[in-house]
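What you see is a predicted model, and the numbers here were worked out from it, not measured in a lab. We count residues from 1, following the sequence as given.
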Amino acid sequence: MLLGTVLVLLLFSAAPASAHAALRSTDPDDGSVVRQAPRGVTLTFTESVGLLDDSFRVFGPDQRRVRTGEATHADGRSDTARVGLPGKLAQGTYTVAWRVVSADSHPVSGAFSFSVGKRSATTTQIDTGPDEDPLTGGLYDAARYLAYLAAALLVGAAAFALLCRPADRSPLRRPLVTAWWTLLGSTVFLLLLRAPYEAGAGPAAAFDASALGRTLAGRPGLALLARLAVLLLTAVFLVWLSRSRESRDRREPVALAAGTALAVGLALTWAAAEHASAGIQVPLAMTSSVLHLLATGVWLGGLVALLLTLRRSSGEDLTEVVPRFSRIAFASVTVLVVTGVYQSWRGLGSVSALSGTSYGRLLLAKLVAVTALVLAAGYSRRWTARLAAPVTARPVAVRERVAQPVGAPPPPEATAEPGTPDAEEPEQPEGPAPESGGGDGHGDVRRRGLRRSVLVEVAVAAVVLLITTLLTTTLPGRAQAEAAQQAPVGALPPTTLVTVPFDTGTDTVTGRGTVQVTVDPARVGENGVQAVVYGSDKGLIVVPELRVTFTLPARKVGPIDAELTDAGGYWSTNSVNLPLPGTWTMKTTVRVSDVDQVTVSKQVRIVS
C-alpha cells in the first residue's frame, strides 16, 4: 500500500513543462529603476519549482544581506517563487540571488538586480555564493553512478536467472546480494545528501533534521523512498526464490510476474523524478524511460551474469543458456535503439544541438560507446554460435573376441556392432574428454574466447552507464534553447541602455554630465523609457526639464515625443509607441536652467 501510494504521488505530480526550469520573468524587472521600494520579489518559471530555505538572498547597495521573509509560491502557483522585503529600503541597487529545484529534480540558480530611486554609483560585483559545493556535487554524482550500476546488475542477474534458466544458479547469488546492498546503500546516501545538494551546501548539512524532513516531502525524496520500498520487496522476493521448495516449472510463471513488477517499480523511481517527468509528452516519455532502463539492465547486467556463468557452468548447460541470452540481448538492444532515438529527439529538439550543447556532445559520446558495445556484442555472438554447435559423434570401432584353441593363430580383426556384450572400447589417448558444444575438442577454447569478448562488453557497458549518469544531470538541448529564447525580463539588448553626455557650456556641477536612457524592450510597439541625469561629480542631479524624441529618417517617421514625466529623481514613461523596426535617432534635450539647455543625438536599434 505504501509503495503504491508513493508511486501514484510521483506519477500524477509530474507537470507537463520543460525539463529544467527556465526563468521566465522577474518582478521587479532585471535592471529596472523603480520609484518606490517593492513589497517583495517574484520570479516566474517555465515549470513548477520547489523552494528551499535559502531560495532568496538579497544584497543591498552596501553589499550587505537584506533580511527577507520566507520563500513562498505567489498566489499558490507552483511555477512561481516569491519573497517579502522590508518596508523601508534605501535608495540604490539591490542584487537578488535565487536558487530553486526544477520539476526534474535538478537545482537551478541565478541572479538579477534592480534599483530603488537611482542606481548605485559603485559597480563592484557582489559575491552571491557558489552555485554548488564541489564535494557535495562529486559525492552525489558518484552515488548516482553506483545506483545505476547496482540497478543494472540487480535487474540483469535476476532476469538472467529467470529467463535463461541455468542449471546452476549459485554463481548469481553473490552478484545479486552485492547489487542489492549497493543499491540500498547508494539510495540512503542520496537521500541524506539530497538537502545539501539542492542548497549547494557542504556534506555536513546532511545532518540537519529539518532539511531532511523537507527532502522527504519533495518529489526527489518521494522517489528515493519508493526505491527503498521496492528494494525491501525485492529482498523478500529473492529470499522466497532461493528457499522455495516448489519445482522450477511450477514457480517460474509466478516468479516472472513478480520479478517484472518489481523491476518496473524500480525503473519508475528514476523515470518519475528526472528528465522524463517534465517536458513534452510526459506519459510517453516516462514509458520510454522505464523500457530504456529495463532493457539496459537486462542486457548489461545480464552480461555480468553470463560472464560468471561461463566460469562455473558445464559445457552442456552453456549450449542452452548462451543462445537464450543471445536472443534476449538482441531484443534488449532493439528496445534500447527505439527508446534511445525517441529520448534523443525529445532532449535535443534540433540537429544543431548535437554539436552546439553539452547535452548533445555527451549524447554523441554515448552513441560512440554504444556502437562499440554493439560491435563487441556481435563478436560475442560468433563465439556463441560456435559454442552452441551440436556435438559431432564419431563411430567407435571395437573388436569381437572369438574363442580359439590353445596355440591357434590369432583371428583377423573384426568389427562388432556397438552395444554387443563382447564389444570392447578402443584405447583412448590420455587427457580430458572433449566437451559438449565442441565435438572437435576445442570447447575450452571457445568458452575462453566468449569470456574475453563478454569481459570487453562489460567494460564498455560501465563507460556507457557513466555517460548516462552525466546526461541525467545535464541541461537538455531543448530546454537550453527554450531558456535562451526566454530572455529574463529587464535583460535588455546592448543598445537599449544609452549614455548621453551633455555640456551646456557653464562651469557648474549641473552644467555638464550624462543622461542614462533605458529603452525597454527596444522592440516594435509599446516601449518604456527611463532616464536618470548625473552631474559632473557623478552624482544624481535634478533638472527642470528633460525631453526625449525618436525619429526614423529612413522611413520619414517622427519625431515621436516620449513625453517623459518627473518621477522624483528620474524621468519615466511606459507608453512610447515605436511602430517600425530600424535604427532610430533618439534626441535628448537637457535643460539645466531657464537659459541653459543642450540637445544630443544618439542611435537606438529597434527590432521587430
Which distance, rounded to the nearest 0.5 Å, do you find between the [atom1] of [X] and the [atom2] of [Y]?
X    : Y    : atom1 : atom2 : value
T339 : L284 : OG1   : CG    : 10.5 Å
L191 : L224 : CG    : CG    : 5.5 Å
L153 : L303 : CG    : CG    : 11.0 Å
D54  : S109 : CG    : OG    : 11.5 Å
F325 : L163 : CZ    : CG    : 10.5 Å
L149 : L154 : CG    : CG    : 12.5 Å

Less than 4.5 Å apart, side chain to side chain, heavy atoms only: is that true for [X] and [Y]?
X    : Y    : result
V100 : L51  : yes
F160 : T309 : yes
L43  : V49  : no
T296 : V155 : no
R144 : D141 : yes
L139 : Y197 : no
L336 : H292 : yes
V254 : W240 : yes

* Compute both the distance and the angle, then confirm whether R227 meets the cation-pi test with W270: under 6.0 Å from the six-membered ring centre, within 45 degrees of the axis. => yes
* To do: Run the numbers on L241 and L162 for side-chain contact (heavy atoms from CB on, under 4.5 Å), then give the verdict.
  => CA-CA 10 Å; L241 197 62; L162 294 174; 4.1 Å; yes
* Please collect all side-chain hydrogen bond (donor to acceptor under 3.5 Å, both in side chains) contacts where either partner lies in residues 172-190, sequence neighbours excluded, each pair once. => none
* Decide yes or no on side-chain contact (heavy atoms from CB on, under 4.5 Å) for V108 and W98, but give the supporting numbers first. => CA-CA 8 Å; V108 290; W98 55 267; 4.2 Å; yes
Just by modelled atom types, is the [Y] backbone N or O under 3.5 Å from a matching donor or acceptor in the [X] side chain?
X    : Y    : answer
S289 : A285 : no
R99  : E198 : yes
R57  : A97  : no

* Carefully, step by step, assess V101 and R194 under the rule side-chain contact (heavy atoms from CB on, under 4.5 Å). => CA-CA 11 Å; V101 182; R194 184 68 204 179; 3.8 Å; yes
Looking at every heavy atom in both [X] and [Y], which two are closest together, and how far apart are they?
X    : Y    : result
V298 : A159 : CG2-CB, 4.1 Å
L222 : L216 : CD2-O, 3.8 Å
A143 : L190 : CB-CD2, 3.6 Å
V290 : A271 : CG2-CB, 4.0 Å
L183 : L231 : CD2-CD2, 3.5 Å
L293 : A267 : CD1-O, 3.6 Å

* Report the C-alpha distance between F189 and L146 in whole Å, list the side-chain angles of each, state the deciding distance to 0.1 Å, and finish with yes or no for side-chain contact (heavy atoms from CB on, under 4.5 Å). => CA-CA 11 Å; F189 195 68; L146 280 178; over 6 Å; no
